[in-house]
2 protein chains.
Amino acid sequence: MPADPLSATFFALADPTRRAILARLVQGDASVKELAQPHQMSLAAVSKHLKVLESAKLISRGREAQWRPCHLEPAPLRDLATWLESYRQFWDRNLDGLAAYLQALQRDAKKQGD
Amino acid sequence: MPADPLSATFFALADPTRRAILARLVQGDASVKELAQPHQMSLAAVSKHLKVLESAKLISRGREAQWRPCHLEPAPLRDLATWLESYRQFWDRNLDGLAAYLQALQRDAKKQGD
DNA sequence: TCCGTATTTAACCGATCGGTTGTCAACCGA
DNA sequence: TCGGTTGACAACCGATCGGTTAAATACGGA
């Protein structure tokens, strides 16, 4: 796993299985077995993916008896958004109407959150 | 290189050298030699990095005599922003004041663009 | 205490990564 | 036409990736 945090974040997200796990965790914490269920691979493989996500601090893990519930951590995603922001000016300059589109997306997200 | 576009984008960005190349390209197109100059590695290595960025469609390449100028392409970054948007609701719920912070960042970027 | 469930670890595997060196192709200018 | 510059390509290398199977660990319950 890469040393610098941003590389670790990008690396962790560069795998569909790991992104699917994150997407699942948006809906709430889950056990390893629960996270593994949709994927046709061994539990050990999923455990490895979780280790990658944890080392990138994208998830944290609790302890509940023999379960190790996974919890989504927003900080690295926020950092990623900050990194992306430094390019927004660039693509705003090149793609008209995108700003408005993203603002609309944000509005929708806000509404859903209410 | 990963098959699906989003994985390819994340993979390409999970390397500091490649991100540095992108950052340089924000300021304008550049030749391979020019892009290689700040990095202490062979030209061939940089050429490989450019191939990764190109296959992820993060850059495109022109032809000017024996030069192959590199050009930053915004589309994958825009797609990445769209992917991130689906998590904004999540971290907005968890980190107060972040939305305002990002909106301020956006405003600043807008101003700079004017 | 022994059993079952949940999860991690270890050892292994083929494929790929990120770098190297060496060679080759394309193009310009003298 | 020849030399110099720019860049790509191939072959190679050690390290790491993403998966496997098998064994070990941690915990609660009967």
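None of these values were measured; they are calculated from a predicted model. Reckoned from all heavy atoms, side chains included, excluding hydrogens, waters and symmetry mates.
- For A:Asp15, the listed nucleotide lying nearest its side chain is D:dG18; candidates were C:dT8, C:dA6, D:dG18.
- Taking atom CH2 of A:Trp67 as the reference point, atom P of D:dC27 lies 12 Å away to the nearest angstrom.
- Between B:Leu25 and B:Cys70 the shortest heavy-atom distance is CD2-O, 3.5 Å.
- Nucleotide C:dA30 has D:dT1 as its partner under the Watson-Crick or G-U criteria, with both atom distances under 3.5 Å.
- Atom NZ of B:Lys51 is separated from atom C1' of D:dG7 by 12 Å (rounded to the nearest Å).
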Check the interface with nucleotides 13-17 of chain C: list each N/O to N/O pair with the protein under 3.5 Å, or write none.
unit_1, atom_1, unit_2, atom_2, d
C:dC17, OP1, B:Met1, N, 3.0

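- One interatomic measurement links the two molecules: CG of A:Leu50 to P of C:dT9, which rounds to 12 Å at whole-angstrom precision.
- Between the CD atom of B:Gln40 and the C1' atom of C:dT20 there is a distance of 15 Å, rounded to whole Å.
- Between the P atom of C:dC28 and the CZ atom of B:Arg68 lies a distance of 14 Å, rounded to the nearest Å.
- The distance between atom CG of A:Leu43 and atom P of D:dA22, rounded to the nearest whole Å, is 15 Å.
- Residues B:Gly62 and B:Arg68 approach most closely at O-NE, 3.0 Å, considering heavy atoms.
- The list of salt bridge (Lys or Arg N to Asp or Glu O under 4.0 Å) pairs with a residue in residues 15-37 of chain A, not counting sequence neighbours, reads A:Arg19-B:Asp4, A:Arg24-A:Glu34.
- Taking every side-chain heavy atom of A:Ser42 into account, D:dT20 is the closest of D:dT20, D:dG7, C:dT7.
- DNA chain C is contacted by B:Ala65 of residues 54-65 of chain B, taking any non-hydrogen atom closer than 4.0 Å.
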Salt bridge (Lys or Arg N to Asp or Glu O under 4.0 Å), that's the test. Do A:Glu54 and A:Lys51 meet it? Break it down for me. CA-CA 5 Å; A:Glu54 189 181 14; A:Lys51 205 173 177 181; over 6 Å; no
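- Scanning all heavy atoms of the two residues, the minimum distance from B:Ala56 to B:Ala12 falls at CB-CB, 3.9 Å.
- Across C:dT20, D:dT20, C:dA6, the shortest atom-to-atom separation from the side chain of A:Lys33 is found for C:dA6.
- Comparing B:Val52 and B:Ala44 by the nucleotide of DNA chain C that holds the closest heavy atom to each, the one mapping nearer the 5' end is B:Val52.
- The minimum heavy-atom distance between B:Ile59 and B:Leu50, with the atom names listed, is CD1-O, 3.6 Å.
- Side-chain contact check for B:Leu80 versus B:Leu13: some heavy-atom pair is nearer than 4.5 Å.
- If you check C:dG18, C:dT7, D:dT6 against the side chain of B:His49, the one that comes closest is C:dG18.
- In this structure, B:Gln66 atom CD and C:dC24 atom C1' are separated by 15 Å, rounded to whole Å.
- Not one side-chain nitrogen or oxygen of A:Ser47 sits closer than 4.0 Å to the OP1 or OP2 atom of C:dT7.
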Side chain to side chain contact (heavy atoms under 4.5 Å, CB included) between A:His71 and A:Arg61, intermediate numbers included: CA-CA 6 Å; A:His71 178 78; A:Arg61 322 202 53 176; over 6 Å; no
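- Ring geometry, B:Phe10 versus A:Phe10: the interplanar angle falls from 30° to 60°, so the pair is classed tilted.
- Nucleotide C:dT21 holds its C1' atom 16 Å from the CE atom of B:Met41, rounded to whole Å.
- Across all strands shown, B:Ser31 has heavy atoms under 4.0 Å from sugar-phosphate atoms exclusively, and none from any base.
- Nearest heavy atoms, B:Ala36 versus B:Leu43: CB-CD1, 3.5 Å.
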